[in-house]
A.B. asks: 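What follows is a single structure, and I will ask about it in a moment.
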Amino acid sequence: SPTRRSSGLNLYGTNQAPSSGDIAEYAPGATSPSSTYNASQPEGVAVDRHGNIFVADTSYSGGVVNQYAQGVKNAIASCTVAGNAFGVAVDAHGDVFVSAELGDNGPGVVEFSGGLSSCNRTTLINFEYLYPMQPSLALDANDDLIFPFGPNVNVIDPPYSAVTRTVGSGLSSVSGVSLNKKNKLLFASDSGTNTVTVINYQTGANVKQLGLPYGISQANGVVDAPNAVY
């Protein structure tokens with residue numbers, strides 16, 4: 001199913017197919033894409049303040065993270081991730097973070113410091129194989145990573161060696177997270193309960209849960225606008 005992220009006013013959706021996939025870009029109110037970007041098996045999507053698009057791609061020969069320029073179909077940079085890639089986030093300094101299954105080291109997050117020009121990769125944190133990976137990863141204004149894993153929404157402060165805190169409660173299988181522009185509210189989609197939980201990001205407390213009465217029957221990803229872009 002598609003994973004969606006918004007950047008500024010545009011919406012991006014990943015499409016997977018048996019032999020290849022793509023990323024579709026939608027302008028506000030549009031029902032058809034204004035641009036598409038070539039990929040293999042795209043998962044997470046992030047966009048920086050300059051409009052560069054970053055995609056975690058599980059690929060067929062191993063995970064990669066790709067960078068695209070606005071309106072250019074093919075990637076302008078690509079780096080291997082040493083495992084299946086799922087979520088991606090980029091900070092104001094151009095550092096790129098990717099959540100991935102890192103072989104025998106377990107699920108975790110890697111960083112490409114300064115971007116993808118040199119493919120200089122550092123593993124930041126690892127988890128045990130307790131839950132399936134999800135195509136979601138986010139950053140807040142303090143460069144803290146927001147990494148959903150199983151029933152937990154983990155917040156990981158620099159230097160990203162351990163979980164600092166968790167936010168939200170009563171979650172089952174978090175499939176997507178999105179932080180609003182003011183860093184006040186976090187939205188967590190839960191594929192286990194097919195709900196979206198609104199969380200006070202400062203206190204970590206649940207604010208509201210949205211489910212079937214709000215038209216949500218399958219919760220795989222979540223996005224709000226304007227969301228946090230750095």
Side-chain angles (χ1 to χ4, degrees), residues 1-6 11-14 16 42-46 54-56 58 63 81 83-90 97-102 106-110 124-140 142-157 160 162-181 183-225 227-228:
S1 60
T3 299
R4 295 182 174 88
R5 292 287 182 274
S6 74
L11 183 72
Y12 296 85
T14 60
Q16 296 186 358
E43 294 281 354
V45 182
F54 297 84
V55 177
T58 58
V81 181
N84 289 332
F86 290 91
V88 61
V90 58
F97 302 85
V98 183
S99 60
E101 290 180 344
L102 302 173
V109 179
V110 299
L124 301 177
I125 188 170
N126 294 105
F127 293 80
E128 295 181 6
Y129 278 106
L130 298 176
Y131 309 105
M133 293 288 291
Q134 299 291 348
S136 192
L137 190 66
L139 283 160
D140 67 18
N142 296 317
D143 290 338
D144 302 337
L145 279 172
I146 305 168
F147 178 35
F149 193 53
N152 301 316
V153 179
N154 302 299
V155 180
I156 307 169
D157 295 357
Y160 312 114
V163 173
T164 308
R165 65 187 179 113
T166 60
V167 297
S169 60
L171 302 169
S172 172
S173 181
V174 184
S175 52
V177 292
S178 182
L179 187 64
N180 75 345
K181 189 174 184 178
N183 280 208
K184 300 295 185 183
L185 296 176
L186 184 139
F187 304 87
S189 60
D190 191 333
S191 61
T193 59
N194 288 318
T195 58
V196 172
T197 300
V198 183
I199 300 167
N200 183 318
Y201 186 63
Q202 307 303 317
T203 67
N206 292 4
V207 175
K208 191 170 187 176
Q209 190 177 76
L210 311 176
L212 194 59
Y214 294 86
I216 299 172
S217 59
Q218 290 186 326
N220 293 309
V222 63
V223 69
D224 66 306
N227 67 341

A.B. asks: Would you mind reporting whether E43 and Q16 have side-chain heavy atoms less than 4.5 Å apart?
C.D. replies: yes
A.B. asks: Enter the distance from L102:CG to F127:CZ here, rounded to the nearest 0.5 Å.
C.D. replies: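 Answer for the CG-CZ pair, L102 versus F127, is 11.0 Å.
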A.B. asks: Do V196 and Y214 have side-chain heavy atoms sitting under 4.5 Å apart?
C.D. replies: no
A.B. asks: Donor-acceptor check, side chain of N142 to backbone of D144, threshold 3.5 angstrom: yes or no?
C.D. replies: no
A.B. asks: Is V163 close to V155 at the side-chain level, that is, under 4.5 Å between some pair of heavy atoms?
C.D. replies: no
A.B. asks: Output the distance between atom OH (Y131) and atom CG (N152), rounded to the nearest 0.5 Å.
C.D. replies: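 These two atoms lie 6.0 Å from each other.
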A.B. asks: Between N200 (side chain only) and Q202 (backbone N and O only), is there a donor and an acceptor less than 3.5 Å apart?
C.D. replies: yes
A.B. asks: Between the main-chain N or O of V109 and the side-chain N or O of S99, is there a donor-acceptor pair closer than 3.5 Å?
C.D. replies: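 Checking the backbone N and O of V109 against the side chain of S99, no donor-acceptor pair under 3.5 Å is found.
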A.B. asks: Looking at T195 and L210, would you say the former's side chain and the latter's main chain have a donor-acceptor pair under 3.5 Å?
C.D. replies: no
A.B. asks: Determine whether a donor-acceptor pair (N or O, by modelled atom type, separation under 3.5 Å) exists between the side chain of N183 and the backbone of D140.
C.D. replies: no
A.B. asks: Give, for atom CZ of R165 and atom CD1 of I156, the distance between the pair rounded to the nearest 0.5 Å.
C.D. replies: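 Separation between the atoms: 12.0 Å.
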A.B. asks: Nearest 0.5 Å, please: how far is CG in N84 from CD in E101?
C.D. replies: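 So the CD of E101 and the CG of N84 are separated by 5.5 Å.
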A.B. asks: Would you find a donor on one side and an acceptor on the other, under 3.5 Å apart, between the side chain of T58 and the backbone of A85?
C.D. replies: no
A.B. asks: Is the centre of the Y160 ring less than 6.0 Å from the centre of the F97 ring?
C.D. replies: yes
A.B. asks: Is there side-chain contact between L139 and L145, with heavy atoms separated by less than 4.5 Å?
C.D. replies: yes
A.B. asks: Any luck finding a side-chain donor-acceptor pair between T193 and S172 under 3.5 Å?
C.D. replies: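 The criterion, which ignores hydrogens and geometry beyond distance, is not satisfied for S172 and T193.
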A.B. asks: Using the side-chain contact (heavy atoms from CB on, under 4.5 Å) definition, which of the options V81, L137, V98 pairs with V88?
C.D. replies: V98
A.B. asks: Working to the nearest 0.5 Å, report the span between CD of Q218 and OG of S175.
C.D. replies: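 Q218 atom CD to S175 atom OG measures 10.5 Å (nearest 0.5 Å).
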A.B. asks: State, yes or no, whether a side-chain contact exists between Q134 and F149 at a heavy-atom distance under 4.5 Å.
C.D. replies: no
A.B. asks: Which value, rounded to the nearest 0.5 Å, describes the distance between I199 atom CD1 and S169 atom OG?
C.D. replies: 8.0 Å
A.B. asks: Under 3.5 Å, side chain of S173 to main-chain N/O of G192, donor-acceptor pair present?
C.D. replies: no
A.B. asks: Any heavy-atom pair between the side chains of T166 and V153 that's under 4.5 Å?
C.D. replies: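 No; the side chains remain at least 4.5 Å from each other.
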A.B. asks: Hey, does V177 have a side-chain heavy atom less than 4.5 Å from the side chain of V222?
C.D. replies: no
A.B. asks: I need the minimum non-hydrogen distance between A100 and F86, along with the two atoms involved.
C.D. replies: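 Of all heavy-atom pairs spanning A100 and F86, the closest is CA-CD1, 4.3 Å.
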A.B. asks: Any heavy-atom pair between the side chains of S217 and L212 that's under 4.5 Å?
C.D. replies: yes
A.B. asks: Please find the pair of heavy atoms, one from N220 and one from S191, that lie closest to each other, and give the distance.
C.D. replies: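 Closest approach of N220 to S191, heavy atoms only: OD1-CB, 4.2 Å.
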A.B. asks: Write down the atom of M133, the atom of G108, and the distance for their closest heavy-atom approach.
C.D. replies: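 Distance-wise, the nearest heavy atoms are CE-O, 4.4 Å.
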A.B. asks: Does either side chain, that of S178 or that of D224, offer a donor lying less than 3.5 Å from an acceptor on the other one?
C.D. replies: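 D224 and S178 do have a side-chain donor-acceptor pair below 3.5 Å.
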A.B. asks: Where the side chain of N180 meets the backbone of L185, is there a donor-acceptor pair that is under 3.5 Å apart?
C.D. replies: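 Yes; at least one donor-acceptor contact below 3.5 Å.
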A.B. asks: Which heavy atom of P148 sits nearest a heavy atom of S136, and at what distance?
C.D. replies: CD-O, 3.5 Å
